[in-house]
Amino acid sequence: MIQAILVFNNHGKPRLVRFYQRFPEEIQQQIVRETFHLVLKRDDNICNFLEGGSLIGGSDYKLIYRHYATLYFVFCVDSSESELGILDLIQVHLEVVFFIAPKVFVETLDKCFENVCELDLIFHMDKVHYILQEVVMGGMVLETNMNEIVAQIEAQNRLEKSEGGLSAAPARAVSAVKNINLPEIPRNINIGDLNIKVPNLSQFV
Amino acid sequence: MVVPSLKLQDLIEEIRGAKTQAQEREVIQKECAHIRASFRDGDPVHRHRQLAKLLYVHMLGYPAHFGQMECLKLIASSRFTDKRVGYLGAMLLLDERHDAHLLITNSIKNDLSQGIQPVQGLALCTLSTMGSAEMCRDLAPEVEKLLLQPSPYVRKKAILTAVHMIRKVPELSSVFLPPCAQLLHERHHGILLGTITLITELCERSPAALRHFRKVVPQLVHILRTLVTMGYSTEHSISGVSDPFLQVQILRLLRILGRNHEESSETMNDLLAQVATNTDTSRNAGNAVLFETVLTIMDIRSAAGLRVLAVNILGRFLLNSDRNIRYVALTSLLRLVQSDHSAVQRHRPTVVECLRETDASLSRRALELSLALVNSSNVRAMMQELQAFLESCPPDLRADCASGILLAAERFAPTKRWHIDTILHVLTTAGTHVRDDAVANLTQLIGGAQELHAYSVRRLYNALAEDISQQPLVQVAAWCIGEYGDLLLAGNCEEIEPLQVDEEEVLALLEKVLQSHMSLPATRGYALTALMKLSTRLCGDNNRIRQVVSIYGSCLDVELQQRAVEYDTLFRKYDHMRAAILEKMPLVERDGPQADEEAKESKEAAQLSEAAPVPTEPQASQLLDLLDLLDGASGDVQHPPPLDPSPGGALIHLLDLPCVPPPPAPIPDLKVFEREGVQLNLSFIRPPENPALLLITVTATNFSEGDVTHFICQAAVPKSLQLQLQAPSGNTVPARGGLPITQLFRILNPNKAPLRLKLRLTYDHFHQSVQEIFEVNNLPVESWQ
């Protein structure tokens with residue numbers, strides 16, 4: 001199962017931190033830092049699989065990461081393969097399938113935010129959590145059908161909006177974002193099959 | 001005046017505006033103070049916003065515990081906005097260790113039974129993330145009801161929550177097992193995915209459940225087949241593979257169900273073959289499914305043809321351009337090489353190709369796999385590849401590669417000559433990285449191959465003439481030249497071109513080794529002895545040799561000096577004995593009955609002998625001193641050959657030890673020394689099948705307050721006995737009962753002469769160096785009778 005999902009940028013600043021196993025706060029922060037250091041050391045042309053650091057339970061844990069432009073998406077998984085005490089003939093060191101999970105997550109983000117970029121993650125940390133909750137739940141993959149996920153999120157957003165009140169004030173948010181120092185973001189981020197552009201700000205919810 | 005509270009985005013903007021860590025801290029602390037005040041005031045309208053901000057700063061690492069109770073209030077609110085943030089806060093901030101967590105049980109119960117779907121979803125999500133055992137027990141009935149609700153959204157979440165509950169409270173398996181059969185009939189992928197996960201969890205926990213679920217194998221096969229043959233579907237496909245997650249989960253479950261079960265395995269066979277052949281492997285998703293298929297095939301009782309197919313798939317993975325795939329393939333093939341050796345053999349060429357990888361982790365895996373694939377039929381070809389690899393591989397792999405080659409050569413050498421050539425090549429390429437016993441092994445090998453003496457010495461001479469820096473090579477070469485110098489000079493050898501070697505050249509070469517800065521003391525010892533031996537092998541007069549010997553009589557190195565003086569004496573006073581003393585060495589006998597076991601366990605022996613290398617020369621010379629002390633005689637010393645029989649001996653007695661059954665009557669231990677908290681104990685073992693042998697284990701313990709360092713223990717026995725010292729486990733004993741040093745003495749007493757033992761200890765303790773020489777009294781009679 002998935003033990004943790006971490007998203008941080010090239011400087012190690014956390015953008016999303018979600019643990020599916022309980023750790024005290026200081027340990028959580030330490031894990032984020034340690035993971036960042038481990039992942040940063042990796043050259044771009046070697047495997048995207050890593051043995052996890054010492055804090056997350058030792059050698060049974062692997063880190064699977066993907067580097068998208070300015071963000072690292074790291075899934076910390078365990079190799080839940082030993083069953084019923086029977087000697088495993090093949091002990092898999094790497095969960096190839098989880099290699100796909102970051103991609104699914106990012107693509108979902110892309111659909112929900114319409115060409116997501118790091119700023120979206122920064123300013124809508126709560127919404128990113130809600131999206132993640134529709135993909136992974138309790139450390140297990142819940143749903144991979146993107147249409148379903150997006151439909152759910154939109155339904156929930158509508159529910160929130162309909163309750164009105166203070167939560168529905170997009171104009172203020174947009175003006176706040178407009179004052180951000182934009183040049184620090186690359187204009188066009190090409191990461192293989194995902195094309196991330198700097199977003200159209202009026203679509204911020 | 002009430003300051004309107006910041007929106008989350010505003011706060012984030014402010015934090016990002018902070019130029020330094022200190023500024024950021026200031027901003028956050030100010031905001032947290034506002035948030036705390038707001039919580040105290042109990043403002044319901046802004047509460048969700050405050051909590052959202054708090055969660056943000058929590059992610060950055062700031063304390064947020066004062067928000068825990070607010071989560072409860074938000075969850076209890078009727079607004080969706082509040083619940084959303086409240087539940088998120090519960091998942092991020094609350095856990096089993098806080099008593100507060102039980103308080104949300106009631107809210108969750110209400111939401112599960114009466115809430116709208118999104119709310120039910122939130123509640124289930126929270127329960128599956130932080131639900132404790134008590135909560136799970138309380139809420140199991142609610143979750144069970146939701147399993148059969150019409151809405152797939154809620155159902156799929158309920159199923160995964162059930163998985164979590166079973167993990168926390170295993171007894172709940174009985175509650176969640178019955179619905180599974182029906183759930184499998186659903187078509188919604190989310191539900192199926194959850195159900196398969198649930199069934200997997202149940203099977204992992206109970207053999208009874210495993211047996212129960214074997215009957216759904218046909219159904220699983222059907223589902224998977226539908227997925228595989230289904231056309232391209234935008235909804236679930238990732239890179240053109242329809243729902244790879246579901247496929248992988250089903251394959252995993254099939255693996256568990258099919259293990260050690262003929263019938264189930266048979267049911268799956270066709271499908272697995274189909275998946276293996278039809279999956280598109282151009283993208284990662286396809287590879288993931290394929291990989292899982294391979295694992296399943298190898299783990300169940302599959303048909304032989306299918307297993308070969310699986311191995312071939314792995315072989316294809318090896319050619320994949322993606323490094324990750326190649327790495328995974330190599331790792332899996334390594335696991336399979338024991339059980340499906342011939343199948344993996346077919347991919348040997350590809351594996352060997354991988355040796356040329358630039359990625360170090362890949363080439364390391366390839367090396368391990370290549371070594372595992374060497375057998376008697378491919379040994380020549382493989383050795384060629386491996387030796388080529390040795391020349392160019394990264395330094396950290398050199399030692400492993402060299403020892404791997406030597407081991408493989410020992411096991412599969414087609415001819416002795418080939419074996420000698422191989423070792424020679426390894427010594428010239430990676431001489432500094434070979435293990436200590438390589439020298440011993442090679443001399444043993446050469447010594448045993450009488451027909452190859454001339455060939456060996458010729459090749460070694462040539463190699464030595466080119467390069468005298470690789471110590472193991474130099475040692476072996478020096479030894480051979482000394483032993484077989486006459487063959488070298490005779491000049492006729494069928495195996496290689498005849499070479500005229502001049503006596504003077506040979507002597508010059510050995511002198512060069514002797515004088516070189518690169519030569520280790522041990523090497524110089526070899527060279528000096530070789531020179532000495534040549535005095536009987538060569539035809540000319542021995543003036544040159546005598547000159548060298550007498551020069552080294554005043555060498556600063558004690559060992560060389562000792563030897564030189566003795567050789568000199570040999571020339572001057574005992575010339576009549578010289579020929580006899582310097583005769584050709586008899587072949588070192590390996591213990592008879594152990595010989596077969598040795599051949600099989602040569603690998604372990606090689607590893608074991610690493611742990612106890614031959615004692616170094618200086619110890620031997622100081623031993624002679626102790627012998628003098630014991631017997632008072634000198635001069636007429638039977639000069640021990642520089643290369644003890646111990647290399648073979650080391651192998652013998654190491655193999656001895658595990659095979660030795662406990663002696664019939666244990667000899668009591670003996671405490672022989674104590675000083676200021678440092679103690680020395682002797683324990684005795686007499687192996688029953690070798691009555692002349694006595695093994696003494698010396699244990700040094702330290703109960704004082706200061707560490708003992710540079711500890712050296714030497715021993716001497718009467719001349720009629722033979723003593724061998726093995727290297728100690730270390731030379732430091734930490735204070736206050738730290739890990740003791742142990743050392744093994746091997747004493748051969750064929751004449752059952754009374755045992756006398758003199759010990760000499762030197763060590764540093766409390767910043768003073770201590771030296772103690774004493775004879776051991778009260779040696780038990782059983783140790784030598």
Side-chain angles (χ1 to χ4, degrees), chain A residues 13-18 20 22 25 28-29 32 45-49 83-84 86 88-94 96-97 99-100 103-104 122-123 125-126 129-130 133-134 137-148 152 155-156 159-160 163 165-167 169 172-173 176-177 179-180 193, chain B residues 7 9-10 12-13 45-46 49 52 55-56 59-61 79-81 84-85 88 95-96 118 125 128-130 153 156-157 160-161 163-164 189-190 193 197 204 207 210 235-236 238 243-245 248 256 259 284-285 287-288 291-292 295 298-299 323-324 327-328 331-332 335-336 339 359 361:
Chain A
K13 275 211 116 46
R15 295 298 175 220
L16 178 81
V17 172
R18 191 66 184 254
Y20 293 100
R22 190 61 194 165
E25 260 75 14
Q28 282 189 11
Q29 286 296 313
V32 172
N45 53 358
I46 45 180
C47 330
N48 297 99
F49 302 95
E83 293 100 30
L84 303 174
I86 301 170
D88 245 16
L89 185 62
I90 300 166
Q91 240 176 344
V92 186
H93 283 239
L94 310 153
V96 181
V97 69
F99 197 50
I100 315 175
K103 187 162 181 244
V104 172
I122 297 170
F123 279 92
M125 183 203 92
D126 50 344
H129 270 286
Y130 302 143
Q133 268 164 211
E134 300 299 325
M137 198 179 91
M140 298 165 276
V141 175
L142 172 66
E143 179 65 71
T144 54
N145 181 341
M146 252 178 310
N147 293 341
E148 278 221 24
Q152 256 306 313
Q156 289 176 14
L159 201 50
E160 254 199 48
E163 283 178 349
L166 305 150
S167 59
R172 203 131 179 259
V177 172
N179 296 332
I180 294 166
D193 35 344
Chain B
K7 291 261 204 53
Q9 281 87 349
D10 296 338
I12 296 176
E13 191 195 338
V45 175
H46 294 113
R49 180 196 291 177
L55 293 179
Y56 183 78
M59 179 181 75
L60 293 181
R79 280 162 32 106
F80 179 70
T81 319
R84 217 182 189 191
V85 184
L88 182 61
D95 75 68
E96 296 181 15
C125 186
S128 71
T129 306
M130 46 78 69
Y153 173 69
K156 75 186 183 194
K157 288 203 169 186
L160 278 193
T161 311
V163 178
H164 172 85
H189 281 217
L193 189 57
T197 314
E204 281 179 14
L210 180 64
E235 298 229 319
H236 287 106
I238 296 175
D243 209 340
F245 280 100
V248 163
I256 298 172
R259 219 182 239 153
N284 253 325
N287 285 328
F291 190 65
E292 211 63 43
L295 295 183
M298 299 316 294
D299 223 10
R323 265 191 175 73
N324 298 319
Y327 187 84
V328 169
T331 312
S332 321
R335 293 287 178 274
L336 294 181
S339 52
D359 183 344
S361 43

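We name chains A, B, ... by the order of the sequence lines, and we start the count at 1 in each one.
- Under 4.0 Å is where a charged nitrogen must lie from a carboxylate oxygen, and between B:Arg84 and A:Glu163 no such pair does.
- Per-residue counts of heavy-atom pairs under 4.5 Å with chain B were compared for A:Gln28, A:Gln152, A:Glu25; the largest is that of A:Gln152.
- For the residue pair B:Tyr56 and A:Arg15, the shortest heavy atom distance occurs at OH-NH1, 4.5 Å.
- Of the listed residues (B:Leu160, B:Thr129, B:Leu55, B:Val85), the one with the most heavy-atom contacts under 4.5 Å to chain A is B:Leu160.
- Between the CE atom of B:Met59 and the CG atom of A:Asp126 there is a distance of 10.5 Å, given to the nearest 0.5 Å.
- Between B:Leu88 and A:Tyr130 there is a side-chain heavy-atom pair separated by less than 4.5 Å.
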Which is it for A:Met137 and B:Lys157 under the side-chain contact (heavy atoms from CB on, under 4.5 Å) test, yes or no, and what are the steps along the way? CA-CA 8 Å; A:Met137 198 179 91; B:Lys157 288 203 169 186; 3.9 Å; yes

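- Heavy-atom pairs under 4.5 Å with chain B peak, among A:Ile122, A:Leu16, A:Val17, at A:Ile122.
- Here the closest heavy-atom approach between residue A:Glu160 and residue B:Phe80 is recorded as CG-CD2, 4.0 Å.
- Side-chain contact between A:Glu134 and B:Tyr153 is present, with at least one heavy-atom pair separated by less than 4.5 Å.
- In this structure the side chain of A:Glu148 reaches within 4.5 angstrom of the side chain of B:Lys156, judged on heavy atoms.
- Only the side chain of B:Leu193 comes within less than 4.5 Å of a heavy atom in chain A; its backbone stays farther off.
- The two residues B:Gly190 and A:Glu143 make their nearest non-hydrogen contact at CA-OE1, 3.7 Å.
- Expressed to the nearest 0.5 Å, how far OG1 of B:Thr81 lies from CD of A:Gln156 amounts to 11.0 Å.
- Contact annotation for A:Met125: only side-chain heavy atoms (C-beta onward) come within less than 4.5 Å of a heavy atom of chain B.
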